[in-house]
Amino acid sequence: MDWIDFATPKTISEAVELLASKGDRARLIAGGTDLLVQLRGGRRSVDLVVDAKQIPELNEMSYSPQNGLVIGAAVPCYRIYADNAIAEAYPGLIDAASLIGGIQIQGRASLGGNLCNAAPSGDSIPPIIALGGVAHIAGSNGSRQVAAEDFCTGPGRNILQDGEMLVSINFPAPVAHSGASYLRFIPRNEMDIAVAGVGTSIVLDESGQNFVSARISLASVAPIPVFAKEAGDSLAGKPVSEATIQQASEKAIAAATPISDMRGTIRQRNHLVGVLTRRTLNIAVERARGG
Amino acid sequence: MVANIVLSEVEYTHIGKRPIRPDGVDKVIGRAQYGPDITLKGLLHGKVLRSPYAHARIKSIDTSEAEDYPGVRAIITAQDLPFASLSKEELGAGYQALKFASDHVLAGGKVLFKGHPVAAVAAANPHVAEEAAKLIKVEYEELPPVMSVVEAMADGATLLHDDLYTSSLGEISQTASNVAAHARYEKGDVAQGFDEATVVVEREFQTASVHQGYIEPHNGTALWSADGQLDVWCSTQGAFTVRSSMANVLRHPVSKIKVTPMEMGGGFGGKISIYLEPLAALLSKKSGQPVKLVMNRVEVFEASGPAAGSWIKVKMGATKDGKLTACQAELALDAGAYPGSPAMSAAMCAFACYDYPNGLLDAYDVVVNKPKTQAYRAPGSPQAAYAVESVVDELCEKLGIDPFEFRLRNASKEGTRRIEGPVYRRIGLVECLEAARSHDHYQTPVDVQPSGKLRGRGVASGFWFNRGFVSSCNLTLNPDGTVSVVMGSVDLCGTRASIAQQTAEALGIAYEDIKPSIADTDSIGYTFITGGSRTTFATGLATINASQDIKQRMIERAAAIWEAKVEDVEYVDAVLQHKSDSELRMTFKELAGRTLTTGGSITAQCNIDPPGEGNSFAVHIVDVEVDRDTGKVDILRYTAIQDCGKAVHPSYVEGQMQGGAAQGIGWALNEEYFFNGQGQMTNSSFLDYRMPISLDLPMIDTVIVEVANPGHPYGVRGVGETPIVPPLAAIANAIYQATGVRMQSLPITPGKVLDALWSQNGS
Amino acid sequence: MPGPTHVQATINGEEVNFLCEPRQSLLEVLRDVLGMTGTKEGCNDGNCGACTVLFDGRIVDSCLVLGVEIQGREVTTIEGLATADGLHPIQQAFLENAALQCGICTPGFIVASKGLLDEEPGADEGRIRHWLAGNLCRCTGYDKIVRAVLDAGEKMK
């Protein structure tokens, strides 16, 4: 690896100052499970690595049924699924947190890092989008919030400007009769990059027989994770049935623009979007119904 | 249901038991020293600059900026190899061989695969060496890459070597070619044989390049002293082959090279060739300090020796009673950049499980712009078995005959002659087939299909020669009654234990009293590689023979002590006793304690090149589940049955069978080298080169069939290679049962299964 | 170019001081700076688990941790498992179950297994296979490794 300097700021403003001073020659490190691989492989180059893990706000996680969930940008996956209350309230997030890269990776990797890395295949991003996650950002010009579906701007690129950093991802409190699920297709049973991934989040009415709303998001089928708005919207007010789910899955396929590469072909990926949309919707419905 | 079964007929004291291996503690506490673990005073680290192109001419190399980089201690290119200053006239007939060997170490005029070494740098800090290597400027003239045997054999194909001619059926071609060799094996008249057949099946198959996938990367550390003594430490399957390869390419006397084999983190045939060792040696010579090089994972994939990709066509005919009448095959296996693919051994293995009257096989050794292929357990046999066992499966289906019944009707037995000539001695294929047929796995019907999933069962058989080759060992009787066994065989997988067991059995003493160790090339007689499924057999024979000498010398020593006649003293159950005078008696340990005062140490030695190795046959059964919506294949149940001869340490024999099966599963389902349009590998990491993980496999049940090899006193055959041969076809056959589609190219990825299912549905 | 960083941490229960460049991974520090070569390098990118260590009680790939990141923290490596009284039950179980062949992945598997069995000694086969999915073995096919971990779990209850 080329030489790097390493800084350990203790506050957000310290970190922002470091990032602003170096621009794109500095980068935050949380778990390091993407960044170090990229630096070694020459896919990214920086002079300064700034440790996110000593800044309190980036390492805190809090949940209340009233206020929802705040996950600091550097909180590793294992802390999320180890928390029973969060695991119960946000199973869709847990689906992703517990399959990223294996137990060792989950000991370090964070959802914030996964989001900022902005890979089209990032497993946590579809559930973050589906659950209505909002990115809280701090920078030299103050703080701002960006909806998760607007955060990634291209493969490996995100909306952060020089000097800005992700502080946390905030999720609304779960409403009654809601459920979420994330599934990806990989050739093995772990350790692979998603050939295609789908995260869905739904709300049912009190009878549990009809959709009130749905959000569907896709991984690995476009330059950025896709928010398939039309597909989700198509379920609002519709009964829960094989036909409506099938229709939604077809709209999800329509929102996908996959390529053929060594991990999968266009036809395969489109097909998998359909399969995984149906499967995640069924699981989300079951979870919403209390199953 | 017993998971692991040993079908044993002869019981021994130590052979067949499961003691803790002597090197086990070191390995579980992290103390064992593997190649990359070595450190020396003043050690420098080397990094290699490699070609980014699959095929190109090197126009110039400029190392000046790198030479000036702070911390750089030495830089080498092909110019530093002796070949660069030797003429064709000087080398004569050996010219091409040395050219290929040198070029492989550091590219001279052309680079022939992405990752081909072009230069190397040594510095005290490995990161500095890496930075400096990037400053070496190489000018390339890109050439079209040739990436498959089909491409390479086509008319007008771009040639890798303008001086490589085809050796075909005794003649050398006049025009240069990518086909290095063509061999033919023939008996009887296949045309007539096919005429006599009721059913004929002909299919073509292709397999991709795969890697042995050992977890430890290649490494080499060398110290070239001012007096010309060259010491090398590396992870290798053969210290002596490293020594002779180094002597050859460095034109340095064997007597001045000492190779110390370190513990090795996996080989499977891929750690026999030299890669980094000569680079370390030259960098050490130039810098005056020891130099260590270790490949990173990208380099392991791109620049070591994967297994050959293949194109194989098989045609087999049988009568309605299920008797084979003719077997024919064309096999082209890629050699990578330099000749030497396992095409011929693939041909010899292809129909080895069958007794058939008419046969014709044509095998082609073809060069392509990939790294030079190396052995991967039973080289060539898995590729051939994939094709043949798939065709046999189809024959069975068309004839309506059970796959084991068909194989039993045509099974090779003692006395069957293989197509390349040798006659089988006592072999255990029939016993394996019968054990497979009666096994609980085969007797249990395939489970009912859960919704959306398809399930099926497949079987396949496989063969590997196993070899003898040269082994040496030195035994020393220590004063405390222990016996040191020094051998040249590197311990890859428990051979210290199996050699200790054989020695203990031969001497009739405790296993714990045997102290096995592995020596460097100065300290033991020539020993060929650990590989070829030969170590337990050949090094075992060496220690058994040496043990007989130890016993004889103990008899002579006791006789001398008692002033008795040698013929009146005997060695029975580790006791020296006079045949008629019962007062004269010494235990093994008592005599050992007296050796130093009665004439000195008792030692013995054996250097052996044994004939009498025993072929090993295997039969595997696998149940798969296919998700019809995603094409994913899961292994539900796997049973590996193999005739290993006597299993000296059944746990390690089982381990070989399970490990080989797991590799075969990966080869069948997910492993392959992806190349882009420019012939560059795009998946050179464990992320996208997908080897089975623990979550991908069930327990792998084993049956060790022990048909004793008459060529070894305890009946040892060897086990290590055959396990990788049956899985490819067994899985393909199981997928056929599940889906109705015959998969004719490996790996059988989910995408390929989906495509096959869609074609089947006409969509 | 600035000099190396001084780091103080607890490794295998003992306070350790070392110098390293920020770009050196914990794996490099353990092996090349501290001479603790029991932790192995297989891929250097988090895909094989051969470099597994316990970091503040969690298993991590030490190739993806920087040496400077362990300042003031606790690391346990394979060298820290056996005591003067003998082998750790997991190490003993690996020997008795012949769960290693070449042995290069073994330290990683043993440390990873400790991370599981310390919390869940009763983990069943499925849980074990899932937990160890990040550890590659090419020699054994995992069968005897899983049996060894089940065996060790029994003894650690």
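On a predicted model such as this, the values are computed, not experimentally measured, just so you know. Just so we're on the same page: letters track the sequence lines, and every chain starts at 1.
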- CG of B:L687 to SG of C:C48, rounded to nearest 0.5 Å, is 12.0 Å
- Task: Could you check B:E131 against C:R23 for salt bridge (Lys or Arg N to Asp or Glu O under 4.0 Å), going step by step and ending with a plain yes or no?
- Result: CA-CA 13 Å; B:E131 288 167 347; C:R23 60 182 162 182; 2.8 Å; yes
- Note on the structure: By salt bridge (Lys or Arg N to Asp or Glu O under 4.0 Å), B:E721 pairs with (sequence neighbours left out) none
- Message: Counting heavy-atom pairs under 4.5 Å with chain C, which one of B:L695, B:I693, B:D37 comes out on top?
- Response: B:D37
- Residue pair B:P217 / C:G42: nearest heavy atoms and the distance that separates them: CG-O, 4.3 Å
- Query: So which part of B:F301 gets closer than 4.5 Å to some heavy atom of chain C, the side chain, the backbone, both or neither?
  - Reply: neither
- Item | Residue, of B:Q656, B:M699, B:K27, B:Q658, that accumulates the most heavy atom pairs under 4.5 Å with chain C | B:M699
- Answer yes or no: are there more than 12 heavy-atom neighbours, outside C:K157 itself, under 6.0 Å from its atom NZ? yes
- Task: Provide the closest heavy-atom pair for C:C139 versus B:F268 in the form atom of the first, atom of the second, distance.
- Result: SG-CZ, 3.7 Å
- Query: Tell me, do B:N4 and C:K144 make a side-chain contact under 4.5 Å, heavy atoms counted?
  - Reply: yes
- Message: Heavy-atom pairs under 4.5 Å with chain C - which of B:S685, B:G655, B:G24 has more of them than the others?
- Response: B:G655
- Note on the structure: Sorted by chain and number, sequence neighbours left out, salt bridge (Lys or Arg N to Asp or Glu O under 4.0 Å) with B:D696 holds for none
- Flag the pair C:L136 / B:M691 as yes when at least one side-chain heavy-atom distance between them is below 4.5 Å, and no otherwise. yes
- Donor-acceptor contact below 3.5 Å, side chain B:S694 vs main chain C:R129: yes
- Note on the structure: Looking only at B:R18, B:R31, B:R21, most heavy-atom pairs under 4.5 Å shared with chain C are made by B:R21
- Item | Within-4.5 Å side-chain heavy-atom neighbours: C:K40 and B:I215 | no
- Query: With no hydrogens and no angle check, is any side-chain donor or acceptor of C:D143 less than 3.5 Å from a backbone partner on B:I700?
  - Reply: yes
- Query: Is the backbone of B:V28 close enough, under 3.5 Å, to the side chain of C:Q91 for a donor and an acceptor to pair up by distance?
  - Reply: yes
- Donor-acceptor under 3.5 Å (C:Y142 side chain, B:G659 main chain): no
- Begin with the C-alpha distance, continue with both residues' side-chain angles, and end with the deciding distance and a verdict on salt bridge (Lys or Arg N to Asp or Glu O under 4.0 Å) for B:R297 and C:E41. CA-CA 9 Å; B:R297 186 50 54 179; C:E41 178 180 322; over 6 Å; no
- Message: Less than 4.5 Å to any heavy atom of chain C: does that hold for the side chain of B:P698, its backbone, both, or neither?
- Response: backbone
- Can any side-chain N or O of C:R138 pair as donor or acceptor with the backbone N or O of B:Q212 at less than 3.5 Å? yes
- Message: Does anything in residues 93-118 of chain C reach chain B? List residues with heavy atoms under 4.5 Å apart, or say none.
- Response: C:F94, C:L95, C:E96, C:A98, C:L100, C:Q101, C:C102, C:G103, C:I104, C:T106, C:P107, C:I110
- Within a strict 4.5 Å, meaning less than it, do heavy atoms of the C:R31 and B:P36 side chains meet? yes
- Message: Within this structure, what is the CG-NZ distance for the pair C:D32 and B:K292, rounded to the nearest 0.5 Å?
- Response: 6.0 Å
- Applying a strict 4.5 Å limit to non-hydrogen atoms, the region of C:N44 in contact with chain B is neither
- So do the side chains of B:H127 and C:E28 get within less than 4.5 Å of each other, counting heavy atoms only? yes
- Name the member of B:A662, B:S651, B:A497, B:G213 that forms the most heavy-atom pairs with chain C at distances under 4.5 Å. B:G213
- Item | Per-residue contacts, residues 69-85 of chain C versus chain B, heavy atoms under 4.5 Å | C:I78, C:E79, C:A82
- Query: So which part of B:M264 gets closer than 4.5 Å to some heavy atom of chain C, the side chain, the backbone, both or neither?
  - Reply: backbone
- Under 4.5 Å to a heavy atom of chain C? For B:N125 that would be side chain
- Item | chain C contact via B:V25 - which portion, at a heavy-atom distance below 4.5 Å | both
